[in-house]
2 protein chains.
Amino acid sequence: MKSTASTSEKILDIAQSLIVAGGYNGFSYADISAAIGIRKASIHHHFPTKAELVSALVDRYRQQTEAGLKSLHERISDPAGQLQAYVNYWHSCIGDASMPFCVCAMLAGEMQMLPEEVASQVRAHFHGLAAWLASVLRSGAENGLFRLDKPPEEEAHMLMASVHGAMLSARAFGDPGLFILIVAPQIDRLRAR
Amino acid sequence: MKSTASTSEKILDIAQSLIVAGGYNGFSYADISAAIGIRKASIHHHFPTKAELVSALVDRYRQQTEAGLKSLHERISDPAGQLQAYVNYWHSCIGDASMPFCVCAMLAGEMQMLPEEVASQVRAHFHGLAAWLASVLRSGAENGLFRLDKPPEEEAHMLMASVHGAMLSARAFGDPGLFILIVAPQIDRLRAR
DNA sequence: TGTTGCCTACCTACTAGTAGGAAGTTAAGT
DNA sequence: ACTTAACTTCCTACTAGTAGGTAGGCAACA
């Protein structure tokens with residue numbers, strides 16, 4: 001239930017949606033305060049500094065991502081389906097506007113002016129995602145499901161870039177459908193011919 | 001010569017590099033003031049509001065882009081070479097850190113909280129770039145140089161997303177070489193087999 | 001004489017962050 | 001059962017600093 005969410009989780013929820021909309025410098029304690037009906041000082045009680053808040057937020061995001069990918073592996077065994085499920089997840093997030101952009105992709109754009117603690121977590125997310133994609137592509141290639149032109153690590157980077165670029169285009173053009181139009185052919189391309 | 005650059009051009013130069021580093025909310029008049037040794041109020045003399053400043057900046061960026069692509073067409077006639085030159089341009093910008101990110105890609109991420117005048121120009125840039133890529137791909141396909149799996153417009157969107165995603169990955173991983181590692185195979189893929 | 005470019009000085013609104021206290025909760029100690 | 005102490009959550013009230021923006025003046029120049 002939503003009503004059982006703790007205050008600190010509510011703070012992270014709204015901060016996350018504000019970051020997705022405008023990045024690290026695009027929100028303030030006052031914005032969060034207004035959104036959940038609590039005073040600024042109370043937010044500082046839960047998260048003393050903005051850097052700590054965002055750091056906790058990215059930490060949670062990374063755990064959620066890890067848990068999501070793990071449960072995905074439990075529900076779907078074939079690598080092609082796993083890739084499809086990953087892409088479908090983002091397709092629906094963008095489609096229903098619940099999270100129209102990856103938190104870490106947003107922050108990666110501002111990398112140079114992020115507090116170091118946040119920057120290193122963003123880097124870690126990118127490494128983790130690239131590793132997951134590479135492992136899925138590798139096992140798919142071993143099964144003969146995928147035909148890779150490059151090593152799995154490079155194909156993973158290419159796919160990740162397509163996904164992030166597709167998010168950006170969908171946002172720039174204001175057209176959620178653009179995401180899947182861009183990403184789907186990139187996945188088809190990997191399937192053994 | 002750099003020394004003949006007018007003050008307003010210097011303002012746009014530094015503002016552009018600050019936007020590339022941290023987006024619309026990532027810089028202030030005070031930052032520009034400190035960087036070029038002029039008072040804040042003097043910047044307001046040239047650009048009364050921040051929205052006007054960024055709007056002028058994106059306008060200039062779009063003109064520079066248009067001029068660059070035009071001269072590219074004059075120097076290089078074959079579509080494959082044109083595509084290669086476009087990618088090489090960004091490769092060198094990212095490599096020497098002179099402009100490690102596209103201004104409009106940066107702003108597109110913050111689309112939702114941009115002043116409308118800026119947002120529409122960013123959209124226009126994306127439309128223009130997609131159209132240029134589509135026209136290059138189309139003429140390449142007509143020459144038999146490219147073999148496209150999808151209509152040129154869709155292939156253009158895919159390529160543009162790869163380029164922007166590759167910029168983001170290069171920044172996230174702190175590895176300029178990642179850009180070309182991601183983009184080069186996407187171009188090779190288009191070449192007739 | 002008016003215009004351009006820059007200045008000093010200032011304004012209001014907002015930024016992250018702090019100090020200190022009120023209210024309620026929990027868990028012993030008696 | 002009653003008290004006390006520690007802890008949590010949230011509050012009001014405040015700070016120093018920064019945000020974008022304005023008013024008015026001065027000097028160079030057309």
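Throughout, a chain's letter reflects where its sequence line sits, starting with A, and its residues are numbered from 1.
Screening residues 19-43 of chain A for ring pair (Phe, Tyr, Trp, His ring centres under 6.0 Å) gives A:Tyr29-A:His44 as the qualifying pairs, with residues at least two apart or on separate chains. Residue pairs meeting the salt bridge (charged side-chain N to carboxylate O under 4.0 Å, His left out) criterion with at least one partner in residues 50-66 of chain B, sequence neighbours excluded, are B:Asp13-B:Arg60. Counting only residues at least two apart or in different chains, side chain to side chain donor-acceptor pair (under 3.5 Å) contacts with residues 104-119 of chain A comprise A:Glu116-A:Arg123. Sorted by first then second residue, the ring pair (Phe, Tyr, Trp, His ring centres under 6.0 Å) pairs that include residues 137-193 of chain A, not counting sequence neighbours, are A:Phe126-A:His164, A:His157-B:Phe173, A:Phe173-B:Phe126, A:Phe173-B:His127, A:Phe173-B:His157.
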N/O donor-acceptor pairs under 3.5 Å from side chains in residues 30-39 of chain A, not counting sequence neighbours:
{"unit_1": "A:Asp31", "atom_1": "OD2", "unit_2": "A:Ser28", "atom_2": "N", "d": "3.0"}
{"unit_1": "A:Asp31", "atom_1": "OD2", "unit_2": "A:Ser28", "atom_2": "OG", "d": "3.4"}
{"unit_1": "A:Ser33", "atom_1": "OG", "unit_2": "A:Ile38", "atom_2": "O", "d": "2.6"}

Considering only distance and modelled atom types, tabulate donor-acceptor pairs under 3.5 Å from the side chains of residues 137-144 of chain B, sequence neighbours left out.
{"unit_1": "B:Arg138", "atom_1": "NH2", "unit_2": "B:Glu153", "atom_2": "OE2", "d": "2.6"}
{"unit_1": "B:Ser139", "atom_1": "OG", "unit_2": "B:Ser135", "atom_2": "O", "d": "3.4"}
{"unit_1": "B:Ser139", "atom_1": "OG", "unit_2": "B:Val136", "atom_2": "O", "d": "3.2"}

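Applying the ring-ring contact (aromatic ring centres under 6.0 Å, His included) rule to A:His125 yields the partners A:Tyr61; only residues at least two apart in sequence or on another chain are considered. Remark: A:Asp188 pairs with A:Arg191 by the salt bridge (charged side-chain N to carboxylate O under 4.0 Å, His left out) rule, at least two apart or across chains. The salt bridge (charged side-chain N to carboxylate O under 4.0 Å, His left out) check on A:Asp175 picks up nothing, with sequence neighbours excluded.
Put simply, NZ on A:Lys10 is 13 Å from P on D:dT9, counting in whole angstrom units. One interatomic measurement links the two molecules: CG of B:Leu53 to C1' of D:dG21, which rounds to 13 Å at whole-angstrom precision.
Chain B approaches DNA chain C within less than 4.0 angstrom (heavy atoms of the protein), and the contacting nucleotides run 5' to 3' from C:dG5 to C:dA9.
A heavy atom lying under 4.0 Å from DNA chain D marks the following residues of residues 40-47 of chain B, by number: B:Lys40, B:Ala41, B:His44. Residues from residues 30-39 of chain B lying near DNA chain C, meaning a heavy-atom separation below 4.0 Å, are B:Ile38, B:Arg39 in numerical order.
A side-chain donor-acceptor contact under 3.5 Å links B:Glu155 to the backbone of B:Lys150.
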